[in-house]
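Data first, discussion second: the structure below is written as structure tokens.
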Number of protein chains: 2
Amino acid sequence: MRIGELARRAGTTTRALRYYESRGLLPARRGGNGYRAYDEEDLRLLRQIRVLQDFGFELEETRPFVECLQAGHPAGDSCPASLEVYRAKLAELDAMVARLSEVREVLAGQLAQAEAARDALAGAGPGEPRCELVRTGE
Amino acid sequence: MRIGELARRAGTTTRALRYYESRGLLPARRGGNGYRAYDEEDLRLLRQIRVLQDFGFELEETRPFVECLQAGHPAGDSCPASLEVYRAKLAELDAMVARLSEVREVLAGQLAQAEAARDALAGAGPGEPRCELVRTGE
DNA sequence: CTAGACCTTCACCCCGACGTCAACGCCAGC
DNA sequence: GCTGGCGTTGACGTCGGGGTGAAGGTCTAG
């Protein structure tokens with residue numbers, strides 16, 4: 001299998017594959033004409049890379065999984081190094097979610113407070129209180 | 001107050017202030033010598049910008065708040081446009097948290113499964129099962 | 001007088017994961 | 001033998017957001 005076919009079958013581009021190879025992530029054998037030659041196993045490696053990428057892993061973080069498969073293990077996450085990456089990623093996600101949630105709560109509070117202030121002003125405002133149900137914006 | 005003092009008092013840099021001005025976000029009056037002249041009100045605007053930036057707002061998203069203050073309102077979020085930005089940000093954060101949480105759950109499942117597979121192999125493996133309680137990593 | 005703060009403009013940086021040429025080689029079909 | 005479609009390499013561009021750096025000049029405070 002040549003680079004174009006592999007790219008097509010994995011739903012990526014030849015440019016990406018050459019990039020992976022340049023990073024030492026997905027080495028390719030070469031035919032006599034200099035063309036890269038891939039097999040089904042390479043397709044597995046590539047799929048592993050892409051699944052993890054879709055989960056938000058950086059390219060470097062997929063390396064242990066790829067190496068694990070290359071070493072003949074049944075799955076990319078059969079090796080301790082891969083499990084470590086999983087754990088690190090989980091911690092990273094947890095931290096991110098915690099940070100975002102905290103900001104979210106603060107903002108929700110600010111919004112509620114600002115809306116309350118607006119409504120209070122509207123109610124105590126000039127003689128012609130705006131009708132809340134007919135706001136033109138929104 | 002000149003640019004250096006304002007920067008110091010707001011905990012930012014003169015470069016950033018000139019950048020804000022170039023974006024039309026924090027215009028400055030000029031003295032006869034061409035120097036930018038700021039007052040306490042500008043410090044308020046700047047603090048508003050920085051607070052929102054710390055919450056993860058983009059510069060453009062802080063604009064309604066700044067304009068609201070410039071218009072003489074008591075707070076940056078006293079205007080409908082600011083409230084809209086709040087709501088949009090909340091929705092954005094919620095979407096982000098949902099996406100990350102989903103990935104987190106999938107990964108946690110993968111990790112658990114991979115660990116179970118490893119332990120099963122260790123138990124059914126060669127005659128000398130590794131002691132789970134003395135894992136050197138961790 | 002001189003150091004430091006200020007002015008302007010233009011360019012550059014950071015990050016990752018590629019995309020986009022350019023200029024060439026290889027090979028199948030007609 | 002020629003065209004078209006693959007393949008090769010390397011160098012450079014892109015995206016986005018929020019700035020930073022340098023050069024070269026002016027102004028001010030002590």
Side-chain angles (χ1 to χ4, degrees), chain A residues 1-39 42 45-66 85 88-89 92-93 96 99-100 103, chain B residues 1-39 42 45-66 85 88-89 92-93 96 103:
Chain A
M1 181 173 14
R2 292 181 307 186
I3 195 170
E5 185 181 350
L6 179 61
R8 237 173 296 115
R9 290 181 61 185
T12 181
T13 67
T14 60
R15 187 65 192 87
L17 297 188
R18 283 191 268 263
Y19 177 67
Y20 296 162
E21 183 175 10
S22 80
R23 306 279 95 188
L25 195 59
L26 190 64
R29 285 155 299 287
R30 299 300 180 112
N33 51 14
Y35 285 15
R36 291 169 177 82
Y38 301 95
D39 56 21
D42 290 317
L45 302 187
L46 183 50
R47 285 202 211 280
Q48 174 75 78
I49 293 172
R50 303 214 21 95
V51 164
L52 295 176
Q53 283 263 87
D54 289 347
F55 280 154
F57 285 61
E58 291 182 8
L59 218 42
E60 271 313 305
E61 293 174 327
T62 72
R63 194 181 292 276
F65 294 80
V66 175
V85 173
K89 206 65 183 177
E92 196 182 312
L93 285 171
M96 216 175 293
R99 204 157 32 81
L100 294 179
V103 170
Chain B
M1 175 170 26
R2 292 184 308 191
I3 196 171
E5 184 181 349
L6 179 62
R8 236 173 298 113
R9 289 180 61 185
T12 182
T13 66
T14 60
R15 308 281 304 134
L17 296 188
R18 282 191 270 262
Y19 177 65
Y20 296 160
E21 184 176 9
S22 80
R23 309 276 91 191
L25 196 60
L26 190 65
R29 285 155 298 288
R30 300 299 181 110
N33 52 15
Y35 283 17
R36 291 170 178 82
Y38 300 95
D39 55 22
D42 290 316
L45 301 187
L46 182 50
R47 285 202 211 279
Q48 174 75 79
I49 292 171
R50 297 199 44 79
V51 164
L52 294 176
Q53 282 263 87
D54 288 348
F55 281 154
F57 285 60
E58 292 181 8
L59 262 190
E60 271 314 304
E61 294 174 328
T62 70
R63 194 181 293 275
F65 294 81
V66 175
V85 174
K89 206 65 182 178
E92 195 182 313
L93 286 170
M96 215 176 294
V103 170

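Lettering of chains follows the sequences in order, A, B, ..., and the numbering in each one begins at 1.
For DNA chain D, the outermost nucleotides in 5' to 3' order that have an atom under 4.0 Å from a heavy atom of chain B are D:dG17 to D:dT28.
With a 4.5 Å cut-off on side-chain heavy atoms, B:Arg36 and B:Arg18 count as touching. Between B:Tyr20 and B:Leu46 there is a side-chain heavy-atom pair separated by less than 4.5 Å.
Summarising the geometry, the separation between CD on A:Gln53 and P on C:dG16 is reported as 12 Å, rounded to the nearest angstrom. Rounding to whole angstrom units, OH of residue B:Tyr38 and C1' of C:dC6 are separated by 11 Å. In this entry the distance linking CZ of A:Phe57 with C1' of C:dA17 reads 17 Å, nearest Å. If you take CG of A:Leu17 and P of C:dA17, they are 15 Å apart, rounded to a whole angstrom. Atom CZ of A:Arg18 and atom P of C:dT20 are 13 Å apart (whole Å). One can place CD1 of B:Ile3 at 13 Å from P of C:dA5, the figure rounded to the nearest angstrom. To the nearest angstrom, C1' of C:dA17 lies 13 Å from CG of A:Asp54. Atoms CD (A:Glu21) and P (C:dC18) sit 15 Å apart, rounded to a whole Å.
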Requested in this report: Please lay out, stage by stage, how B:Leu25 and B:Leu45 fare under the test side chain to side chain contact (heavy atoms under 4.5 Å, CB included).
Outcome: CA-CA 9 Å; B:Leu25 196 60; B:Leu45 301 187; over 6 Å; no

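Heavy atoms of B:Arg23 sit nowhere under 4.0 angstrom from any nucleic acid atom. Across all strands shown, B:Arg8 has no heavy atoms under 4.0 Å from either base or sugar-phosphate atoms. Among the atoms of the strands shown, only primed sugar atoms or phosphate atoms (P, OP1, OP2) are found under 4.0 Å from some heavy atom of A:Arg2.
If you find the closest nucleotide of DNA chain D to A:Gly4 and to B:Glu60, the one lying nearer the 5' end belongs to A:Gly4. Along DNA chain C, the nucleotide nearest to A:Asn33 and the one nearest to A:Tyr19 differ in position, and the one closer to the 5' end is contacted by A:Tyr19.
Closest heavy-atom contact between A:Gly4 and A:Thr14: CA-CG2, 3.9 Å.
Panel note: side chain A:Asp42, backbone A:Asp39; a donor-acceptor pair is recorded below 3.5 Å.
Using a 4.0 Å cut-off between charged nitrogen and carboxylate oxygen, B:Arg63 and B:Glu60 count as a salt-bridge pair. Taking the charged nitrogens against the carboxylate oxygens, B:Lys89 and B:Glu92 do have a contact shorter than 4.0 Å, which makes a salt bridge.
Taking every side-chain heavy atom of A:Thr13 into account, C:dG19 is the closest of C:dG19, C:dA5, C:dC7. Here C:dT9 is the nucleotide among C:dT20, C:dT9, C:dA17 with the atom lying nearest to any side-chain atom of B:Arg15.
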